[in-house]
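Atom set for the values below is all heavy atoms of this structure, side chains included, hydrogens, waters and symmetry mates excluded. Residue numbers begin at 1 in each chain, while the letters A, B, ... track the order of the sequences.
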There are 2 protein chains.
Amino acid sequence: MQPTATQATEHPQLTPSPRQQAVLDVVLSLMVEGDDPLTMDAVARRASCSKETLYKWFGDRDGLLVATVRWQASRVHAGREAVGALDAGTLRDILRDFAASWLAVIASRTSVALNRIAIADAGSRKSNLGGIVLANGRFAIGERVKPVLEAGRAAGLLAFDDSEAAFRTFFGLVGRDIQIRLLLGDALALDAAGIQSDAARAVEQFLALYGQAKP
Amino acid sequence: MQPTATQATEHPQLTPSPRQQAVLDVVLSLMVEGDDPLTMDAVARRASCSKETLYKWFGDRDGLLVATVRWQASRVHAGREAVGALDAGTLRDILRDFAASWLAVIASRTSVALNRIAIADAGSRKSNLGGIVLANGRFAIGERVKPVLEAGRAAGLLAFDDSEAAFRTFFGLVGRDIQIRLLLGDALALDAAGIQSDAARAVEQFLALYGQAKP
DNA sequence: GGCGAACCGTACCGTACGGTACGCACTTTT
DNA sequence: AAAAGTGCGTACCGTACGGTACGGTTCGCC
């Protein structure tokens with residue numbers, strides 16, 4: 001390796017360059033439109049770059065997909081709240097926020113398209129896109145929600161033994177059949193108002209199951 | 001059409017012949033193994049039939065997939081219980097049965113493979129495999145559970161306004177993150193004992209939310 | 001101004017796969 | 001026994017797509 005490189009142009013992706021980000025956004029656009037089978041040609045054409053550059057930057061088709069998933073994931077993890085003192089009202093608010101933002105994610109066309117691709121390739125082994133999507137989706141939100149649940153327990157607002165199990169229940173109450181229906185192509189419109197009310201309903205149910213009257 | 005036909009050899013599938021069923025079982029096997037990309041050649045070779053026959057029977061690749069999904073669906077709808085008089089114990093038992101059998105379905109390798117295929121093609125429009133899978137999965141079980149819930153309400157054991165909404169909560173409590181994790185390739189072993197305890201837990205939670213003390 | 005790197009556009013190659021054609025064997029009908 | 005039908009095996013065709021090669025252009029650097 002010559003010492004000329006100012007940024008890694010090799011496949012190991014440590015923050016893509018702006019130009020590369022533009023390419024990845026093109027990939028996301030094509031995924032969402034979904035009309036064509038997401039071919040390397042289509043990406044190159046739409047991104048106004050040559051296929052050779054694509055292969056130089058991302059190695060192969062799989063590398064491009066992985067980079068795209070990571071890129072999308074990097075812009076989702078937005079706020080990270082420190083949980084301080086909790087009362088029942090703020091706990092409810094925080095959980096509602098999590099529920100609503102999670103619903104917004106899984107209902108977004110981007111998420112649906114991305115998950116479809118990852119699921120399809122999870123069937124044919126090779127680069128585990130599925131693992132990456134899981135790590136940045138289901139498990140990432142789990143790691144963010146569980147501290148909140150534990151803080152709620154510490155404050156005497158919640159009662160459970162296993163925060164993982166409690167979170168999984170929360171996850172089920174929020175998502176229900178929405179994700180699988182969208183993945184399978186069901187129409188199921190979910191607007192902002194619907195998301196808010198769904199989130200509120202899920203949180204009330206969760207609190208009914210795990211909440212505990214102030215001791 | 002000549003009056004020779006003893007069974008429909010055309011694409012409209014009204015119960016496939018035994019030979020055709022064998023072919024569809026081969027397709028299911030190949031889906032489950034998942035090592036090869038499910039090519040028509042592979043099906044023909046494994047089923048010891050010619051591709052020409054495949055095309056004559058099923059029209060095209062899509063028709064073969066649709067027939068396979070229907071075939072699999074036809075063997076899943078097993079018992080259909082008539083709901084008579086309900087007490088709390090039998091309601092709990094019936095719901096546990098539904099939950100456990102649903103978990104067994106979504107955790108089966110066949111279901112995972114089938115859903116992956118359906119989801120992949122839901123991305124590229126054309127023959128809505130996704131719709132068929134939904135109709136025979138999520139919606140079929142909904143139509144079977146809702147009468148039970150309504151009978152429970154009639155018996156004064158459950159309280160809800162909308163049986164569809166109640167069922168969706170039930171669905172979420174049972175499935176939680178299991179299906180999406182399996183679809184995305186997560187290991188997540190779920191044995192018979194785990195299914196039973198998961199089902200029992202989900203039912204208790206559901207009853208905690210919707211149950212009502214005998215009036 | 002000259003040199004090299006990066007990169008676009010396009011042409012090209014190999015292969016995998018959906019779909020078709022055809023020859024042969026076996027069974028059923030007349 | 002001949003004729004017709006059904007279906008297996010194999011060869012074949014067209015095309016789409018992943019991946020590579022190459023000429024031409026722009027841009028930064030000495």
Side-chain angles (χ1 to χ4, degrees), chain A residues 1-11 13 16-24 26-27 30-31 33-68 117 120-121 123-127 129, chain B residues 1-11 16-27 30-31 33-68 117 120-121 123-127 129:
Chain A
M1 288 294 152
Q2 315 220 9
T4 73
T6 60
Q7 75 237 7
T9 56
E10 259 71 33
H11 342 136
Q13 58 298 339
S17 73
R19 182 73 178 95
Q20 291 171 336
Q21 295 178 11
V23 170
L24 298 180
V26 163
V27 176
L30 290 176
M31 280 181 179
E33 300 173 16
D35 303 322
D36 1 81
L38 190 55
T39 169
M40 296 296 277
D41 266 309
V43 174
R45 210 174 321 119
R46 179 83 146 255
S48 292
C49 72
S50 74
K51 286 209 289 176
E52 194 169 18
T53 303
L54 247 39
Y55 284 102
K56 181 150 116 188
W57 283 348
F58 304 105
D60 58 1
R61 196 187 117 103
D62 252 12
L64 178 62
L65 293 181
V66 169
T68 303
I117 305 243
D121 116 341
S124 24
R125 85 255 156 274
K126 62 185 176 187
S127 83
L129 274 189
Chain B
M1 289 290 155
Q2 316 220 10
T4 74
T6 60
Q7 75 239 5
T9 56
E10 258 71 33
H11 342 136
S17 74
R19 182 74 179 98
Q20 292 171 336
Q21 295 178 10
V23 171
L24 298 180
D25 281 330
V26 163
V27 176
L30 290 175
M31 280 181 180
E33 301 173 17
D35 303 321
D36 0 82
L38 189 57
T39 167
M40 297 296 277
D41 265 308
V43 174
R45 210 173 321 121
R46 179 83 145 256
S48 291
C49 72
S50 75
K51 286 209 291 177
E52 194 168 19
T53 303
L54 248 37
Y55 284 102
K56 180 150 117 189
W57 283 348
F58 304 104
D60 57 2
R61 197 186 116 101
D62 251 13
L64 178 60
L65 293 180
V66 169
T68 303
I117 304 243
D121 115 343
S124 22
R125 80 261 156 269
K126 63 184 176 186
S127 84
L129 275 188

Distance, rounded to the nearest Å, where [X] contributes [atom1] and [N] contributes [atom2]:
X: B:Arg61; N: C:dT20; atom1: CZ; atom2: P; result: 15 Å
X: B:Asp60; N: C:dG18; atom1: CG; atom2: P; result: 11 Å
X: B:Tyr55; N: D:dG7; atom1: OH; atom2: P; result: 17 Å
X: B:Lys56; N: D:dC8; atom1: NZ; atom2: C1'; result: 12 Å
X: B:Leu54; N: D:dG9; atom1: CG; atom2: P; result: 12 Å
X: B:Phe58; N: C:dG19; atom1: CZ; atom2: C1'; result: 16 Å
X: B:Lys51; N: C:dA16; atom1: NZ; atom2: C1'; result: 11 Å
X: B:Met40; N: D:dT15; atom1: CE; atom2: P; result: 19 Å

### Query
When you check the phosphate oxygens OP1 and OP2 of C:dC7, does a side-chain N or O of A:Trp57 lie under 4.0 Å from one of them?
yes
### Message
With a 4.0 Å limit, can you tell me whether B:Thr39 has a side-chain N or O closer than that to the phosphate oxygens OP1/OP2 of C:dG18?
### Response
yes
Check whether any side-chain heavy atom of [X] sits under 4.5 Å from a side-chain heavy atom of [Y], and report yes or no.
X: B:Arg46; Y: B:Val27; answer: no
X: B:Leu24; Y: B:Leu64; answer: yes
X: B:Thr68; Y: B:Met31; answer: yes
X: A:Glu33; Y: A:Leu38; answer: no

### Task
Just call it for A:Arg19: base, sugar-phosphate, or nothing, with non-hydrogen atoms closer than 4.0 Å on any strand.
sugar-phosphate
#### Entry: B:Pro37 vs A:Cys49, nearer the 5' end of DNA chain C by closest nucleotide
A:Cys49
### Comparing A:Ser50 and A:Asp41 on DNA chain D - which has the more 5′ nearest nucleotide
A:Asp41
### Task
Output the single nucleotide from D:dG7, D:dT20, C:dG9 whose closest atom is nearest the side chain of A:Glu52.
C:dG9
### Task
For residues A:Gln21 and A:Pro16, report the shortest heavy-atom separation together with the two atoms involved.
NE2-O, 3.0 Å
